[in-house]
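Order of the sequence lines fixes the chain letters, A, B, ..., with proteins taken first and strands second; residue numbering starts at 1 for each chain. Computed from a prediction, not measured in an experiment: that's the story for all the values here.
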There are 2 protein chains.
Amino acid sequence: MRVSTRVEYGLMAITDIALHSENGGSVSTTEVAERQKISQKYLEQILPLLRQAGLIKAQKGLRGGYRLSRPANKIVIADVLNALDDSILAEMEIPEEEEDGALRGCINECLWGKINKKLSDYAKSVTLGEFLAECREKNTVEWDLYVI
Amino acid sequence: MRVSTRVEYGLMAITDIALHSENGGSVSTTEVAERQKISQKYLEQILPLLRQAGLIKAQKGLRGGYRLSRPANKIVIADVLNALDDSILAEMEIPEEEEDGALRGCINECLWGKINKKLSDYAKSVTLGEFLAECREKNTVEWDLYVI
DNA sequence: TAAATACCTATTGACATAGTAGGTAAATAA
DNA sequence: TTATTTACCTACTATGTCAATAGGTATTTA
């Protein structure tokens with residue numbers, strides 16, 4: 001499953017913010033852009049999506065930046081995906097009424113309904129906190145450098 | 001998860017063909033287009049994708065049309081999706097090397113890798129035949145009208 | 001007061017989607 | 001043989017989304 005860079009960058013950004021605000025400080029777009037090698041200007045359009053969804057808080061001005069609105073283990077991946085893209089976890093349209101022989105409704109309900117449920121259940125079951133922990137485990141060496 | 005009409009129509013078409021060629025005959029684009037209410041001209045661009053993937057066979061000329069290349073229970077949904085779209089079951093790119101602090105690789109491997117595996121495993125596990133049976137069960141009344 | 005920050009809007013080039021349109025080749029039925 | 005039906009191929013178009021780039025505004029802090 002291939003997703004847009006908007007989603008990719010958004011996930012990278014909130015993960016980066018979660019990591020680097022653990023000490024209580026804020027994380028600026030400049031920092032995120034540099035660490036993650038993302039266009040800062042493009043990031044400036046993506047982060048407000050996460051803020052509008054209530055996942056991160058912004059602080060303007062010098063020493064400002066972003067931090068999580070709530071603990072990382074209270075944010076599930078589905079929250080992040082829905083903030084960044086309205087189609088990934090969306091259902092396929094099921095026609096109200098269908099003529100005999102028409103298969104659209106059946107396919108969208110039976111097939112895509114199940115696929116979407118698997119996807120959605122997983123995205124709702126994994127928290128950002130769990131994801132961070134998993135990534136830490138995978139890259140113990142490097143991560144120890146800047147994780148508290 | 002929302003997909004393109006190309007994928008939606010392609011799934012409808014191969015399902016329709018599977019159903020209506022059970023007696024040994026062929027199914028023309030005209031028939032599929034009428035039954036499924038799809039633009040015939042657009043269908044004519046989609047069905048060759050399924051043929052090139054070896055899932056259906058074409059017969060030109062009068063009384064021609066399409067039929068399955070092999071039994072419906074030997075075709076898995078993943079085959080159909082891959083024939084119609086190269087991104088649905090594709091993996092996200094994982095960078096060769098990454099600087100410290102970069103998260104792209106971790107996210108694409110840990111997160112999208114797992115999501116893709118769930119998706120892919122399911123699509124490989126369900127055959128077109130099973131899907132047909134399931135749809136039949138769900139719509140017993142209408143389906144009995146034209147299923148052998 | 002100056003600098004740094006978030007934030008907003010407009011613009012752009014590239015690409016994909018969802019068709020429409022017209023024509024060609026092959027197979028069949030008459 | 002001939003007309004018709006079919007698959008198939010190519011080109012075109014309108015629309016929308018993506019992935020930025022660019023410039024400017026408001027706010028906060030040092």
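- The CG atom of B/Leu47 sits 15 Å away from the C1' atom of C/dA18 (whole-angstrom rounding).
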Extract from the structure each pairing of a protein N or O with an N or O of nucleotides 11-15 of chain C at less than 3.5 Å, listing the distance.
none

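- Between B/Ile46 atom CD1 and D/dC9 atom P there is a gap of 15 Å when expressed in whole angstrom units.
- At whole-Å resolution of the value, CG in A/Leu50 and C1' in C/dC7 are 14 Å apart.
- B/Arg67 has its CZ atom 14 Å from the C1' atom of D/dA7, to the nearest Å.
- Annotation: salt bridge (Lys or Arg N to Asp or Glu O under 4.0 Å) contacts of B/Glu99 (sequence neighbours excluded): A/Lys37.
- Remark: C1' of C/dA26 and NZ of B/Lys57 are 18 Å apart, rounded to the nearest angstrom.
- The side chain to side chain donor-acceptor pair (under 3.5 Å) search around B/Thr5 returns none, not counting sequence neighbours.
- For A/Gln45, the side-chain contact (heavy atoms from CB on, under 4.5 Å) criterion is met by A/Tyr42, not counting sequence neighbours.
- Looking at residues two or more places apart in sequence or on another chain, you find a side-chain contact (heavy atoms from CB on, under 4.5 Å) between B/Ala90 and A/Arg2.
- Each side-chain hydrogen bond (donor to acceptor under 3.5 Å, both in side chains) pair with one or both residues in residues 119-133 of chain B, not counting sequence neighbours, appears once here: B/Lys117-B/Asp121.
- Residue pairs meeting the salt bridge (charged side-chain N to carboxylate O under 4.0 Å, His left out) criterion with at least one member in residues 65-89 of chain A, sequence neighbours excluded, are A/Arg6-A/Asp85, A/Arg70-A/Asp79.
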What does nucleotides 16-23 of chain D look like as a protein-contact string, B for base, S for sugar-phosphate only, - for none, at under 4.0 angstrom between heavy atoms?
--SBBBBB

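- Each side-chain hydrogen bond (donor to acceptor under 3.5 Å, both in side chains) pair with one or both residues in residues 105-116 of chain B, not counting sequence neighbours, appears once here: A/Glu8-B/Asn108, A/Glu134-B/Lys114, B/Glu91-B/Asn116.
- For DNA chain D, no neighbouring residue in residues 25-33 of chain A is found when judged by any heavy atom under 4.0 Å.
- Under the 4.5 Å side-chain heavy-atom criterion for ILVMFWY residues, a single connected hydrophobic cluster contains both A/Val80 and B/Met1.
- DNA chain D is contacted by B/Ala58, B/Gln59, B/Lys60, B/Gly61, B/Leu62, B/Gly65, B/Tyr66 of residues 58-66 of chain B, taking any non-hydrogen atom closer than 4.0 Å.
- A salt bridge links B/Glu22 with B/Arg136; the closest basic N to acidic carboxylate O contact falls under 4.0 Å.
- Rounded to whole Å, the distance from CG on B/Leu49 to P on C/dT17 is 11 Å.
- Rounded to an integer number of Å, the gap from CG of B/Leu43 to C1' of D/dC9 is 16 Å.
- The two atoms that bring B/Leu128 and B/Ala18 nearest to each other are CD2-CB, 4.1 Å, heavy atoms only.
- Across all non-hydrogen atoms, the minimal contact from A/Tyr66 to A/Pro48 is OH-CD, 4.3 Å.
- Sorted by first and then second residue, the salt bridge (charged side-chain N to carboxylate O under 4.0 Å, His left out) pairs involving residues 38-55 of chain B (not counting sequence neighbours) are B/Lys41-B/Glu44.
- Follow the hydrophobic side-chain contacts under 4.5 Å out from A/Val3 and you reach B/Ile115 in the same cluster.
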